[in-house]
Amino acid sequence: MAKRCLVCGKGLGALSQKMRVADGLVCLDCWKQTGFGTSVRDVERASTYTGNDIKNIISGTVANPAQMATDLESAIAAAIKASGTSTVMQKGSIKDAAFMIRTDETVIAALAANVSLGEPQGMIEVNTMSIKNKMAGVVVVTNQRVIFAASSGFKSSKSIYLTDINAIDDSSVGALFGCVLRIQTTSTVLAIDGIKPTLDPFRNKLEEAAHNAREAKEQKNNNVVIQQAASGADEILKYKGLLDAGIITEEEFNAKKAQILGL
């Protein structure tokens, strides 16, 4: 029995052009109405959508992700050019980086550079003339993460939450020559080759974004504590009412109160 497209209901045989989505199959005609195609990247993207998602995209009920991806690629390219680095040979890396960015993220800064990934280390080795163990790609700072994507040569990607960064440092061998900017977490280091006039403004934007992300996380945690305290107070008042009504004893009330307060 032939399967059917989850969107239009058309029968799909063995030779039918189709795309596999999260919960089944859609015909290629319906898939292309989303604005996506049949590239490897778009095939990977298809697995994140359901048939109902595709229907909503086509009907305009939700924002078109293909257009959003195009807008993100443009934003990343513009940020790279603003940094003084070049988008030449980085089209694939820009697309990969845009694919990694979520709908609740905004592009703050970006640049194209040779990058090395590894484990935290002590001294920064400054050797921007060497490309050994380095990948050419793009580094993007959003309001939540640092994202690295490389699609030329060795394909690679990495994302680091801003709140996980515990050190940002650099080292240079001359004001206008080699400089390395290192972003470090407890388990990862991302080292970016460049020159100070390029890396210094990028570092400033990165540090500001990381500061804002930490403040937002702290505020969120504070709100949770306040809500928990308010909930605990409400619970105590409830049991106080039961005590006053003679439904529970004072001993039971004190036990519940101690339990709520974590005593």
Please say yes or no: joined through hydrophobic side-chain contacts below 4.5 Å, possibly via intermediate residues, are I80 and L206 part of one cluster? no
Partners meeting side-chain hydrogen bond (donor to acceptor under 3.5 Å, both in side chains) with S86 (sequence neighbours left out): none
Report the distance from atom SG of C179 to atom NZ of K196, rounding to the nearest 0.5 Å. 5.0 Å
Do M100 and V146 share a hydrophobic cluster (ILVMFWY, side-chain heavy atoms under 4.5 Å, transitive)? no
Shortest non-hydrogen contact from A22 toward S47: CB-O, 3.5 Å
Listed by chain and number, what are the side-chain contact (heavy atoms from CB on, under 4.5 Å) partners of E207, not counting sequence neighbours? I168, R203, N204
Cationic N near anionic O, under 4.0 Å, E235 to K238: yes
Going by side-chain contact (heavy atoms from CB on, under 4.5 Å), name the residues that satisfy it together with T198, two or more places apart in sequence or in a different chain. T85, L111, I195
Answer yes or no: are there more than 12 heavy-atom neighbours, outside E252 itself, under 6.0 Å from its atom CD? yes
Which of I101, N143, V141 passes side-chain contact (heavy atoms from CB on, under 4.5 Å) with T106? Answer is N143
Got a second to check how far N114's CG is from D193's CG, nearest 0.5 Å? 5.5 Å
Say you draw a straight line from CD of Q184 to CG of D169; how long is it, rounded to the nearest 0.5 Å? 6.5 Å
So how far is it from F148 CZ to S159 OG, rounded to the nearest 0.5 Å? 12.5 Å
Atom pair CD1 (I183) and CG (L181), whose distance is rounded to the nearest 0.5 Å: 5.5 Å
Kindly list each side-chain donor-acceptor pair under 3.5 angstrom involving residues 23-31, sequence neighbours excluded, with atom names and distances?
residue	atom	partner	partner atom	Å
D23	OD1	G51	N	3.0
W31	NE1	G37	O	2.6

Derivation of the side-chain contact (heavy atoms from CB on, under 4.5 Å) call for T50 and V21: CA-CA 6 Å; T50 65; V21 295; 5.9 Å; no
Taking only distance into account, with no hydrogens and no angle test, what donor-acceptor pairs under 3.5 Å do side-chain atoms of residues 59-78 form with protein atoms, sequence neighbours excluded?
residue	atom	partner	partner atom	Å
S59	OG	K55	O	3.1
S59	OG	N56	O	3.1
S59	OG	T61	N	3.4
S59	OG	T61	OG1	2.7
N64	OD1	A66	N	2.8
N64	OD1	Q67	N	3.1
N64	ND2	T34	O	3.1
Q67	NE2	D71	OD1	2.9
T70	OG1	A66	O	3.0
E73	OE1	K95	NZ	3.3
S74	OG	T70	O	3.1

For the residue pair A209 and I108, what are the closest heavy atoms and their distance? CB-CD1, 3.8 Å
Taking side-chain hydrogen bond (donor to acceptor under 3.5 Å, both in side chains) as the test, write out the residues that go with E105, two or more places apart. T142, R145
Got a sec, which residues hit side-chain hydrogen bond (donor to acceptor under 3.5 Å, both in side chains) with S151, two or more places apart in sequence or on another chain? S93
With sequence neighbours left out, the residues meeting side-chain hydrogen bond (donor to acceptor under 3.5 Å, both in side chains) with K240 are D244
Kindly give the cluster partners of F99, where membership spreads through any ILVMFWY side chain lying under 4.5 Å from a current member. none
Sort out for me which residue in V189, I192, D170 forms a side-chain contact (heavy atoms from CB on, under 4.5 Å) with R182. V189
Gap separating the OG atom of S83 from the NZ atom of K205, nearest 0.5 angstrom: 8.0 Å
I'd like to know if I165 and V140 are part of one continuous hydrophobic network [Ile/Leu/Val/Met/Phe/Trp/Tyr, side-chain heavy atoms within less than 4.5 Å]. no
Counting N and O atoms only, with roles assigned by atom type, does the side chain of T87 sit under 3.5 Å from a partner on the main chain of Q90, one being a donor and the other an acceptor? no
With sequence neighbours left out, write down each residue that passes side-chain contact (heavy atoms from CB on, under 4.5 Å) with E251, or none if nothing qualifies. T249
Mind checking what makes side-chain contact (heavy atoms from CB on, under 4.5 Å) contact with I236, not counting sequence neighbours? F253, K257, I260, L261
Please answer: with hydrophobic residues joined when any side-chain heavy atoms are less than 4.5 Å apart, are I54 and L6 in the same cluster? yes
side-chain contact (heavy atoms from CB on, under 4.5 Å) between T185 and Y161, worked out: CA-CA 9 Å; T185 71; Y161 280 96; over 6 Å; no
Got a donor-acceptor contact below 3.5 angstrom from the K18 side chain to the S16 backbone? yes
Here the salt bridge (Lys or Arg N to Asp or Glu O under 4.0 Å) pairs for residues 151-167, sequence neighbours left out, are D96-K155
Same cluster (ILVMFWY, side-chain, under 4.5 Å), L117 and I147: no
